[in-house]
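Quick notes on the structure that follows.
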Amino acid sequence: MKKYDFKKIEAKWQKVWQEKGVYEPALKSSKGKNPPFYNLMMFPYPSAEGLHVGNMYAFTGTDIYGRYKRMQGNDVFEPIGLDGFGIHSENYAMKIGAHPMKQAKVSEKRFYKQLQAIGNGFAWNERLETYDPEYYRWTQWIFAQMFKAGLAYRKKQAVNWCPSCMTVLSDEQAEGGKCERCNSVVIKKDLEQWFFKITEYAERLLQNLDKLDWSEKVKIAQKNWIGKSEGAELEFGIKNYELGIKNALVIHGVSGHKRENWFPWLKDILEKDGWHVSVPTLPTPDHPKIEEWNMVLKKESTSASVLIGHSLGAPAALNLIQTSNKKIDRLILVAPVNPKQDWRYLKSVYPQADWDAVKNFADIKFDWEKITKLVRQVVVYYSDNDPYVSAKSVEFYKQHLPNAIFRFLPGKGHFNERYGITEFPEILEAVNPKVKVFTTRPDTLFGATYVVLAPEHPLIQNLEGGIKNVVEVKNYIKKSKAKTDEERIENKEKTGVELRGVKAINPATQGEISIWVADYVLSSYGTGAIMAVPAHDERDHEFASKYKLPIVEVVDSQDNSDGTLWLGGGRLINSGRFNGVDSEEAKWKITAEVGGKKKIQYRLRDWLISRQRYWGPPIPMIHCEGCEKAGKGERKEMPGWYAVPDKDLPVKLPFVKDFRPQGSGSSPLAASKAFRDVRCPVCKNKAKRETDVSDTFLDSAWYYLRYPSLSSKTAKAKAWDPEITKSWCPVDMYIGGAEHSVLHLLYVRFLALALHDLKLVNFGDSKAPKGEPFPKFRAHGLLIKEGAKMSKSKGNVVNPDEYIKNFGADTLRMYLMFLAPFEQGGDFRDAGVMGISRFLERVYKFSQRISDPNTTNYIRIIRKERKNSEHSDVFVDLDRILHQTIKKVSDDLESLSYNTAISAMMILLNKFEEKAESVSLPNWIDFLKLLAPFAPHLSEELFQSAKKHNSQFIIRNSIHLSDWPQYNPELARESNFTLIVQINGKVRASIEAPIGISEKNALALALRNERVKELVSGDPKRVIFIPNRLINLVI
RNA sequence: GCCCGGGUGGCGGAAUGGUUUACGCAGAGGACUUAAAAUCCUUGACCCGAAAGGGUUUGUGGGUUCGACUCCCACCCCGGGCACCA
């Protein structure tokens, strides 16, 4: 008898399959006979010595499904490639002291060899590697498309920075605030970064989830990550002036007029909020005389607490203050002219005005000391391109008003209509500051006893003049910004500082409440400010308790018996307590009453694309300073920026010797002048290349689109062929690890939806919403080893090569699938491998027995002859269990319940062995077909040898291209079953009974049973009969 | 803290509200062998019992039901994800 020589068998068939192209689908021909089925597994990243058994687990599970689909008559496409760009591979190269570009070639060879060895039905002609310039050319092209569509932008953001490795870290690498590699504490660093606007797609990404056939836990993870909350945005007024009179006076400049500029806008808004605003037209706007102006202004100013002076109105305002000798809360100077310095100049640019008159203003003598005493706070707005105000003038005011707040707003010119300034929110802020908060519980507004701002909140700077403890506040902000994530996590105790001297107004109660700055409020979520309701929010409660802030409970209108305090005169709204009921009605009622609005917030942040690393696709962007200055650029809002033209792609990653991350916060590529310095694609002057590379997740966000088109004629000219994409996408089945639940799987979906909106792809049928790349996704579980997590430090990492060498790929594949449910993951135990090894050994032996004419008499019996045979009962039996197994295995394959499918095959083999002489060749071939997806090599070998012994079965060249066994319910039907007899719910007997027995007959049968007779006397009180299962007698 | 997933023999794990423990591993007994390995056969939750049989048992406690691993409520433990998201 021959031995099961798996080494020989596996090598032989792998070669044949590849030569015959068994796994190559008809990608290009649109008239492929079989329906296309795109079966995809997440491709591996080569960041270690070789493939991990976890990869093997995932790939095998996917491959089995693909093979099943192929035998069901689909044209299955199952490609493989390497996600070889990125930090994982770069770090590995550094670790072993290699250059990533060279190491990539080494890993490539090794990984493909291993991938070959597991015997998957990969379409080897369509491999791709993300570091191949022919691939990343299109990754860059996609980036450019995103930029052109306004979906890529730059902003400054604090990123994770490891001071010891001197590099930026991704969030995944900065786990728990510590560097993954060197364990040092990660700090934050502000850097200009590229982002993709994934937040714009938040709602669609969320809505579509319901229509996707995905593992539930992954959908839930994505939902949580997107983090939609519905709530309200409410405005709290701020009182930061001592005089408390809502009365403002606006003073225009030369030829200014109250109907011009932002004056009407400001007046309108302030008056709605109960202010009195006067914007007088001064008597001689084109021939300004200070005496005349003062006369008019004095009348208007008697009750003003805030003075606003624009242009020449600024010195007018200053003069008014010193002559009227009255206390003023705030003085706001917008583009303040200094006549002493500017008048000759003014005359030259605006000759129609009477500038000799303006000269009068130059003679004003300012008593700076007096002014400073009379005005509590001065705010000055100025810009860089103001033709009437020189830098010297600004300097002049800075010198004499050292305590004023100077706010520079670039590009605003002279702050009038000529520069598009008809609305001026910054000045509104200064006159009448408000703070917006986001809350999901507006119904608790009556319990809001203080307001908290994030340290980065811009309002703090605005209020500076009114804050009495500015130094303390500034110190706090500095400290919390320097805080590491680790400190924020470990130092759970909340800290904060009150902004003394300013108060917020609770819009429901009109009561004054304190304002705090505290780092338990995040600047990146909502408005960066909250209303604190300590009675109904644990975090606020903790903070309020620590700083002795009032805690006011909002109670139900039916229940105010416990002496609850009230702000705002005891208005009651319907609301719950700490974790109590909150009614939707109350929420929106109060929101409307205080003039707030409904608001939807997402937790999702924009996708940070830049990496200051070497091993990735260079971001294909060019920055031209000349164009920026001229206000030119590919997109209006980003002057100076151009995408690299398509014809210049790819921007090849140069080989640089020192690829290690720099300490400077820029990529190692920045050091290469040859790479960095380019010509502007538009003005042809000197310009600079972006030197950051893009995130690895961008590489893997579109690979599935490239695979089917790789061997088409258009592969060189296009990222993908629209025709091919249309027939092969979306992916029919996608399988991968749950660890990619949020990042990879969300990025791919986002990019696909964006590409769909840009009309760059067009797929999606009834299976899923348009543009969704993966209508069906299943997450596999995690493998552990002998009850413990696999890790290199423990030395318990399973090396798949070893098992393939000792037991064969088929055994390893099958054991991996048998040890636990695929989607759950399980425990790899060496002892368990033996069980499968034995099973395949037995399969091999049984096959030998069938093919040996000396040991079997009935092997060639076919159906017709069997009917009259003396063994016909046995044949019926065998057919029955075979067809039951066909059903079981088919159903289990569909639901990826591989472990139970294998167990069913074991049961079948046991039965075959028991009745070996009666097993027919067709029976046996059906068994082999069931086995084929799991043990592709062995089943092929035995199938081919069975073919030799009987030519009457039509067999195509490979078992993997043969038809899946047809389930016949007639043959699977049982004739008898075990009737369970229960008495009072307890099993007392089991009797063999025919299927379909009636209740009456079943009862009679039960009562005839000896055991039952002993226990039952007289008629049972009640009989419960479950057809074909049990009968329960209640006595 | 929140959100998932799970808790069944010595172990990995099966089980449309209907015989708990399929299949496999380990164990015990036997056959073959000088012997061992390999292979094959038998056995196999626990307690009482010589046996027939009886009782107990799916993390804990309750509930619904003729009947609960399965459904409901409360709690405990383990694994994973998110984490000051207002």
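In the text below, chain A, chain B and the rest are named by the order of the sequence lines, each starting its count at 1.
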### Nearest listed nucleotide, side chain of Ile1024(A), among rC23(B), rC66(B), rA14(B)
rC66(B)
### Query
OP1, OP2 of rG13(B) versus side-chain N and O of Ser903(A): anything below 4.0 Å?
no
#### Entry: Given rG24(B), rU20(B), rG67(B), the nucleotide with the shortest approach to the side chain of Val987(A)
rU20(B)
#### Entry: Check: Pro550(A) main-chain N/O paired with Thr449(A) side-chain donor or acceptor under 3.5 Å
yes
#### Entry: Who pairs with rG5(B) - Watson-Crick or G-U, where each distance is under 3.5 Å
rC78(B)
### Query
Taking atom P in both rA68(B) and rC32(B), what distance in whole Å separates the two?
50 Å
### Task
May I ask you to say what Thr439(A) touches in the nucleic acid, namely base, sugar-phosphate or nothing, with a heavy-atom cut-off under 4.0 Å?
sugar-phosphate
### Message
I'd like to know whether the aromatic ring centres of Trp516(A) and Phe543(A) sit less than 6.0 Å apart in this structure.
### Response
yes
## Note on the structure
Re rC23(B): Watson-Crick or G-U wobble partner, both distances kept under 3.5 Å, found to be rG12(B)
#### Entry: Atom-to-atom span, CG of Leu782(A) to C1' of rG81(B) - whole angstrom
12 Å
#### Entry: rG80(B) phosphate, OP1 or OP2, under 4.0 Å from Lys789(A) side-chain N/O
yes
#### Entry: Integer angstrom distance from the C1' of rG63(B) to that of rG55(B)
25 Å
#### Entry: Charged N-O contact under 4.0 Å between Asp210(A) and Lys219(A)
no
## Note on the structure
Tested for side chain to side chain donor-acceptor pair (under 3.5 Å) against Lys888(A), the lone hit among Asp891(A), Thr885(A), Asp892(A) is Asp892(A)
### Task
Begin from the C-alpha positions of Asp5(A) and Tyr844(A) and carry the test side-chain hydrogen bond (donor to acceptor under 3.5 Å, both in side chains) through to its verdict.
CA-CA 10 Å; Asp5(A) 186 349; Tyr844(A) 187 80; over 6 Å; no
### Query
Using a cut-off of less than 4.0 Å, is there contact between a side-chain N or O of Tyr525(A) and OP1 or OP2 of rA86(B)?
yes
### Query
Would a distance-only check, ignoring hydrogens and angles, find a side-chain to backbone donor-acceptor pair under 3.5 Å from Ser847(A) to Val843(A)?
no
### Task
Can you tell me, in whole Å, how much space there is between the P of rG17(B) and that of rU70(B)?
11 Å
#### Entry: Nearest-angstrom distance, P atom, rC2(B) to rG9(B)
29 Å
### Query
Does rC71(B) have a Watson-Crick or wobble partner in any strand here, with both distances under 3.5 angstrom, and which is it?
rG63(B)
### Rounded distance in Å - CG (Leu816(A)) to C1' (rG13(B))
16 Å
### Query
Do any side-chain nitrogens or oxygens of Arg988(A) fall under 4.0 Å of OP1 or OP2 in rG54(B)?
yes
### Query
Lys546(A) has an atom NZ; how far is it from atom C1' of rC84(B), in whole Å?
13 Å
### Query
With respect to the phosphate group of rC23(B), does any side-chain polar atom (N or O) of Asn899(A) fall under 4.0 Å of OP1 or OP2?
no
### Nearest-neighbour nucleotide for the Arg829(A) side chain, rG12(B), rA22(B), rC84(B) considered
rG12(B)
#### Entry: NZ (Lys887(A)) with more than 12 external heavy atoms under 6.0 Å
no
### Message
Say we look at rC73(B) and rC4(B): how far apart would their P atoms be, to the nearest angstrom?
### Response
13 Å
### Task
Identify, between Ile1026(A) and Gly227(A), the residue whose nearest nucleotide on RNA chain B lies closer to the 5' end.
Ile1026(A)
### Task
Quick one: look up who rA83(B) pairs with, Watson-Crick or G-U, both distances under 3.5 Å, and put none if it's unpaired.
none
### Task
State which of rG18(B), rG13(B), rU20(B) makes the closest approach to the side chain of Gln824(A).
rG13(B)
### Task
Figure out the CZ/P separation between Phe807(A) and rA38(B), and round it to whole Å.
12 Å
### Task
Please work out if Arg1029(A) contacts a base, only the sugar-phosphate, or nothing of the nucleic acid, heavy-atom cut-off 4.0 Å.
base
### Query
Which part of the nucleic acid, if any, lies within reach of Thr978(A) when heavy atoms closer than 4.0 Å are counted: base, sugar-phosphate only, or nothing?
base
### Task
Could you check whether Ala831(A) gets within reach of a base, just the sugar-phosphate, or nothing at all, counting any heavy atom under 4.0 Å?
sugar-phosphate
### Task
Give Arg605(A) one of three labels, base, sugar-phosphate or nothing, depending on what nucleic acid heavy atoms sit under 4.0 Å from its own.
base
### Task
If rG17(B) has a Watson-Crick or G-U wobble mate with both distances under 3.5 Å, name it; if not, just say none.
none
#### Entry: Value in whole Å for how far the C1' atom of rC25(B) lies from CG of Asp830(A)
12 Å
#### Entry: C1' atoms of rU33(B) and rU43(B), separation to the nearest Å
23 Å
### Query
If you measure from the C1' atom in rG54(B) to the same atom in rG61(B), how many Å do you get, rounded?
27 Å
### Message
I need the CZ-P distance between Phe839(A) and rC40(B), as an integer number of Å.
### Response
13 Å
### Task
Could you tell me whether the side chain of Thr591(A) and the main chain of Ala232(A) form a donor-acceptor pair under 3.5 Å?
no
### Query
So what does Asn224(A) hit on the nucleic acid, given a heavy-atom distance under 4.0 Å: a base, only sugar-phosphate, or nothing?
sugar-phosphate
### Query
Which part of the nucleic acid, if any, lies within contact of Ile220(A), taking any heavy atom under 4.0 Å across all strands shown: a base, the sugar-phosphate backbone alone, or nothing?
sugar-phosphate
### Task
Using a heavy-atom cut-off of under 4.0 Å over every strand shown, decide if Lys219(A) touches base, sugar-phosphate, or nothing.
nothing
### Message
Using whole Å, what does the distance between atom P of nucleotide rG17(B) and atom CG of Leu1030(A) come to?
### Response
14 Å
### Task
Side chain of Met906(A) only, please: which of rA22(B), rG24(B), rC82(B) is the nearest?
rG24(B)
### Message
Using OP1 and OP2 only, check whether a side-chain N or O of Arg1022(A) sits under 4.0 Å from rC66(B).
### Response
yes
#### Entry: Conformer about C1'-N of rG59(B) - syn within 90° of 0, anti elsewhere
anti
### Task
For Lys986(A), answer base if it contacts any base atom (sugar-phosphate contacts may also be present), sugar-phosphate if it contacts only those atoms, and nothing otherwise; contact means non-hydrogen atoms under 4.0 Å.
sugar-phosphate
### Query
Do Gln982(A) and rG18(B) have a side chain to base donor-acceptor pair shorter than 3.5 Å?
yes
### Message
Does rG24(B) have OP1 or OP2 under 4.0 Å away from a side-chain N or O of Asn910(A)?
### Response
yes
### Message
At less than 4.0 Å, is any side-chain N or O atom of Arg1011(A) found next to OP1 or OP2 of rG54(B)? Yes or no.
### Response
yes
### Message
Quick check on rA86(B): is either OP1 or OP2 less than 4.0 Å from any side-chain nitrogen or oxygen of Arg441(A)?
### Response
no
### Query
rA45(B) and rA83(B): how far apart are their P atoms, nearest whole angstrom?
48 Å
### Summary
When Pro821(A) and Met531(A) are each assigned the nearest nucleotide of RNA chain B, the 5'-most assignment goes to Pro821(A)
### Task
Please determine if Arg749(A) forms a cation-pi arrangement with Trp214(A), meaning its NZ or CZ atom is less than 6.0 Å from the six-membered ring centre and no more than 45° off the ring axis.
yes
### Query
Can you check whether Phe750(A) and Phe697(A) have ring centres sitting under 6.0 Å from each other?
no
